[in-house]
Amino acid sequence: MTFAVADDGRAVSLVGNFNNWNPEIHPLRRRSNGTRSVAIVLGNGQRASFRYLAEEACFFDDPDGDAIEPNGIGQTHTVNVAAA
């Protein structure tokens, strides 16, 4: 599954339940098409809860995700389910 955002000049990481919310594991790489992206492997039907983390500790959700839901700490996270 590929995760991508527009490149606004800030470093961005993908954090989620698949990497223990660790921003060092999945940094998004700058691409020549004006985006930053990273691909990860999820099992068929695996549910990924995630957010993006930009510099200055700025978390944000993916409006193109399958759903956005409360995260239990007063904010939200995005949910995607890997295709079966």
Side-chain angles (χ1 to χ4, degrees):
M1 181 175 286
T2 300
F3 296 82
V5 297
D7 183 6
D8 65 3
R10 298 181 297 171
V12 179
S13 291
L14 177 67
V15 296
N17 62 339
F18 44 82
N19 66 10
N20 205 29
W21 302 90
N22 184 334
E24 296 179 14
I25 296 175
H26 294 107
L28 279 69
R29 307 261 186 247
R30 181 175 273 164
R31 307 297 178 191
S32 61
N33 66 357
T35 65
R36 288 181 181 263
S37 66
V38 64
I40 65 169
V41 176
L42 297 173
N44 290 343
Q46 182 177 346
R47 186 178 189 276
S49 300
F50 70 96
R51 296 191 93 187
Y52 296 108
L53 174 60
E55 295 172 356
E56 299 93 34
C58 177
F59 286 93
F60 60 98
D61 293 316
D62 188 339
D64 296 323
D66 294 338
I68 294 178
E69 65 183 19
N71 66 4
I73 57 171
Q75 298 178 353
T76 57
H77 59 235
T78 308
V79 175
N80 279 355
V81 178

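Because the structure is predicted, anything quoted here is derived from the model rather than measured. Atom set for the values below is all heavy atoms of this structure, side chains included, hydrogens, waters and symmetry mates excluded.
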*Under 4.5 Å between side-chain heavy atoms, hopping through other hydrophobics if needed: is there a path connecting Phe50 to Leu42?*
yes
*asked:* Quick check on the hydrophobic clustering: are Val81 and Phe3 connected, directly or via other members, by side-chain heavy-atom contacts under 4.5 Å?
replied: no
*Flag side-chain contact, heavy atom, 4.5 Å: Leu53 against Phe60*: no
*Does the side chain of Gln46 reach to within under 4.5 Å of the side chain of Met1, using non-hydrogen atoms?*
no
*With sequence neighbours excluded, what pairs up with Arg31 under the salt bridge (Lys or Arg N to Asp or Glu O under 4.0 Å) test?*
none
Please find the pair of heavy atoms, one from [X] and one from [Y], that lie closest to each other, and give the distance.
X     : Y     : result
Ala83 : Asn44 : O-OD1, 3.2 Å
Ala82 : Gly43 : CB-O, 3.3 Å
Pro63 : Ile68 : CA-CD1, 4.5 Å
Val79 : Ser49 : CG2-OG, 4.2 Å

*Classify the side-chain pair Asn71/Thr76 by whether it contains a donor and acceptor separated by less than 3.5 Å.*
no
*Option passing side chain to side chain contact (heavy atoms under 4.5 Å, CB included) with Tyr52 (candidates Leu28, Asp61, Val15)*: Leu28
_So, applying side chain to side chain contact (heavy atoms under 4.5 Å, CB included) with Pro27, which one of Arg29, Glu24, Arg30 is it?_
Arg29
*asked:* Closer than 4.0 angstrom, basic N to acidic O: yes or no for Arg36 and Glu55?
replied: no
*Would a distance-only check, ignoring hydrogens and angles, find a side-chain to backbone donor-acceptor pair under 3.5 Å from Asn80 to Asp66?*
yes
*asked:* Please check: side-chain N/O of Thr78 versus main-chain N/O of Asp62, any donor-acceptor pairing under 3.5 Å?
replied: yes
_Please report the interatomic distance CZ(Phe59) to CD(Gln75), rounded to the nearest 0.5 Å._
7.5 Å
*Walk me through it: do Arg47 and Glu69 pass the test salt bridge (charged side-chain N to carboxylate O under 4.0 Å, His left out)?*
CA-CA 13 Å; Arg47 186 178 189 276; Glu69 65 183 19; 2.7 Å; yes
*side chain to side chain donor-acceptor pair (under 3.5 Å) pairs, two or more places apart, involving residues 10-23*: Asp8-Arg10, Asn19-His26
